[in-house]
Amino acid sequence: MKAFETYHPIVLFSFFAATIGLSMFFMHPVYLAITIFFAISLNFALRRRSFFKDWKIYVPLFFIMAIINPLISHNGQLVLLYINGNPLTLEAITYGIAISTMIVSIMLWFSSYNVLMTSDKFIYLFGKVSPVISLTLSISLRLVPRFRRQLKQIVLAQKVIGMDYTSGSLWHRIKCIIRILSILITWALENAIDTADSMKARGYGVTKRTAFSIFIFERRDGYVLTIITLLFISNLVASFIGVTTFDYYPTFGIVKWEITSILFYTSYCILLAIPLAIEIRGALKWRSLKSTM
């Protein structure tokens, strides 16, 4: 079990809401560097086995998005060369890299979110506020991984009976793909009917809904939640006074290293480092306990 995973769901959700919310709007180079560093570090700590597999998607996506911007945007003063009469500027390249860094960071934060915030935690937080929306979102979040697992099983089963879509003539491959999709859609419809019957048999929607929970808000949860809230507010203040603002066009702005700016950089760094620090502390504590046994 992950150390940060043992905290109360409100703490987990508050952290990711604050982190993802800030990461979506901070385009300052220092903030982007902090964001991508801690997003990668936490993702590696939580998903070590599948971490490197996912980079087969992240790395090409990063370069594609970084290349697209200078090809469609020709703003900037520092011209490197001309392509078909259109200037290729350093500002456009840098802005493309910044956008790519921000998007990849957000994807990494969501990957960590999916590991820590399970469907039961999400339902616990929002089930009483809006049971229907909570249940719908929970079911929707389960669909993609379930469809992927089922699709993999179907493909393997079809290969056994000679319906391999990766070999043979073009018509044979088309027939295999259509057959696989047909089986997958049939499974999805049958699964939806089974889910509806199960919910009806359990009395869903008949009377006022009750909820069972094993989550207890402890003192440590209050401490961490307070720290997250204060750091989030401090970063909102930094955004309000312009510390997080950085100009890429028409030319680069100035990265400030004043005492006030450094303090706000540090507050953002501490905010993103909270789960990683908890994971490291948990790993060290576990190693210490194993050594004493």
Side-chain angles (χ1 to χ4, degrees), residues 1-2 5 16 20 23 36 39-72 96-97 99-123 133-202 204 279:
M1 181 178 289
K2 314 296 187 300
E5 186 180 18
F16 284 108
I20 296 173
S23 300
I36 191 67
I40 292 174
S41 301
L42 182 61
N43 215 264
F44 178 76
L46 298 178
R47 307 171 60 248
R48 191 167 303 174
R49 294 183 179 179
S50 57
F51 175 77
F52 294 103
K53 295 181 181 179
D54 291 345
W55 278 97
K56 296 178 181 178
I57 300 174
Y58 292 140
V59 173
L61 182 64
F62 177 87
F63 284 106
I64 289 173
M65 291 185 295
I67 293 171
I68 289 176
N69 185 72
L71 293 179
I72 63 176
I97 294 174
I99 287 289
S100 303
T101 303
M102 181 191 69
I103 294 176
V104 171
S105 299
I106 293 173
M107 293 174 64
L108 289 170
W109 286 126
F110 272 111
S111 297
S112 300
Y113 172 88
N114 289 331
V115 174
L116 299 175
M117 277 295 295
T118 55
S119 58
D120 58 329
K121 296 177 181 178
F122 189 85
I123 293 176
I133 296 178
S134 174
L135 181 63
T136 303
L137 289 174
S138 177
I139 293 175
S140 300
L141 291 173
R142 296 176 62 231
L143 285 179
V144 175
R146 290 193 67 195
F147 268 51
R148 290 180 62 181
R149 288 195 298 268
Q150 188 65 24
L151 179 61
K152 187 176 181 180
Q153 293 179 4
I154 294 172
V155 170
L156 292 175
Q158 291 300 302
K159 282 184 178 180
V160 174
I161 61 175
M163 299 295 289
D164 186 3
Y165 74 96
T166 61
S167 61
S169 63
L170 179 61
W171 176 243
H172 173 75
R173 295 185 182 186
I174 294 174
K175 286 176 60 179
C176 294
I177 293 173
I178 293 175
R179 184 184 179 95
I180 291 171
L181 291 177
S182 175
I183 296 173
L184 182 63
I185 293 172
T186 302
W187 171 83
L189 294 175
E190 291 179 350
N191 182 73
I193 294 173
D194 291 340
T195 302
D197 291 341
S198 176
M199 293 171 63
K200 184 178 180 180
R202 295 165 191 245
Y204 180 82
E279 291 294 330

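For the numbers below, each heavy atom of this structure counts, side chains included, while hydrogens, waters and symmetry mates do not.
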Output, in order, the C-alpha distance, side-chain angles, deciding distance and verdict of side chain to side chain contact (heavy atoms under 4.5 Å, CB included) for M65 and V104.
-> CA-CA 10 Å; M65 291 185 295; V104 171; 4.3 Å; yes

Start with the C-alpha distance between F62 and I97, add both sets of side-chain angles, then the distance that settles side chain to side chain contact (heavy atoms under 4.5 Å, CB included), and finish with yes or no.
-> CA-CA 8 Å; F62 177 87; I97 294 174; 4.0 Å; yes

Side chain to side chain contact (heavy atoms under 4.5 Å, CB included) evaluation trace for L108 with L42 | CA-CA 9 Å; L108 289 170; L42 182 61; over 6 Å; no

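Closest of all the heavy-atom pairs between S100 and A66 is OG-N, 2.9 Å. Here the closest heavy-atom approach between residue S105 and residue A39 is recorded as O-CB, 4.0 Å. In plain terms, the two heavy atoms of F16 and W109 that are nearest each other are CE2-O, 3.6 Å. Between L116 and K121, the shortest heavy-atom contact is O-NZ, 3.0 Å.
In this structure, the side-chain contact (heavy atoms from CB on, under 4.5 Å) partners of L151, at least two apart in sequence or on a different chain, are V155, I180, L184. The ring-ring contact (aromatic ring centres under 6.0 Å, His included) test applied to Y165 returns no partner, not counting sequence neighbours. Take S112 and apply the side-chain hydrogen bond (donor to acceptor under 3.5 Å, both in side chains) test, not counting sequence neighbours, and it matches N43. Scored by the side-chain contact (heavy atoms from CB on, under 4.5 Å) test, F110 finds I20, I106 as partners (sequence neighbours excluded). Remark: S111 pairs with Y58 by the side-chain hydrogen bond (donor to acceptor under 3.5 Å, both in side chains) rule, at least two apart or across chains. Remark: I64 engages I68 in a side-chain contact (heavy atoms from CB on, under 4.5 Å) (not counting sequence neighbours). Remark: A45 pairs with L276 by the side-chain contact (heavy atoms from CB on, under 4.5 Å) rule, at least two apart or across chains.
Here CD1 of I183 is found 12.0 Å from CD of Q153. Values are rounded to the nearest 0.5 Å. Between I67 atom CD1 and I72 atom CD1 the span is 12.5 Å, to the nearest 0.5 Å.
Sorted by first and then second residue, the pairs that involve residues 169-190 and meet side-chain hydrogen bond (donor to acceptor under 3.5 Å, both in side chains), not counting sequence neighbours, are Q158-R179.
Inter-residue side-chain proximity for E279 and L46 is flagged as met; some heavy-atom pair is nearer than 4.5 Å. Put simply, the side chain of N191 does not reach to within 4.5 Å of the side chain of Q150, judged on heavy atoms.
Side-chain N or O atoms of K159 include none that pairs as donor or acceptor with a backbone N or O of T166 at under 3.5 Å.
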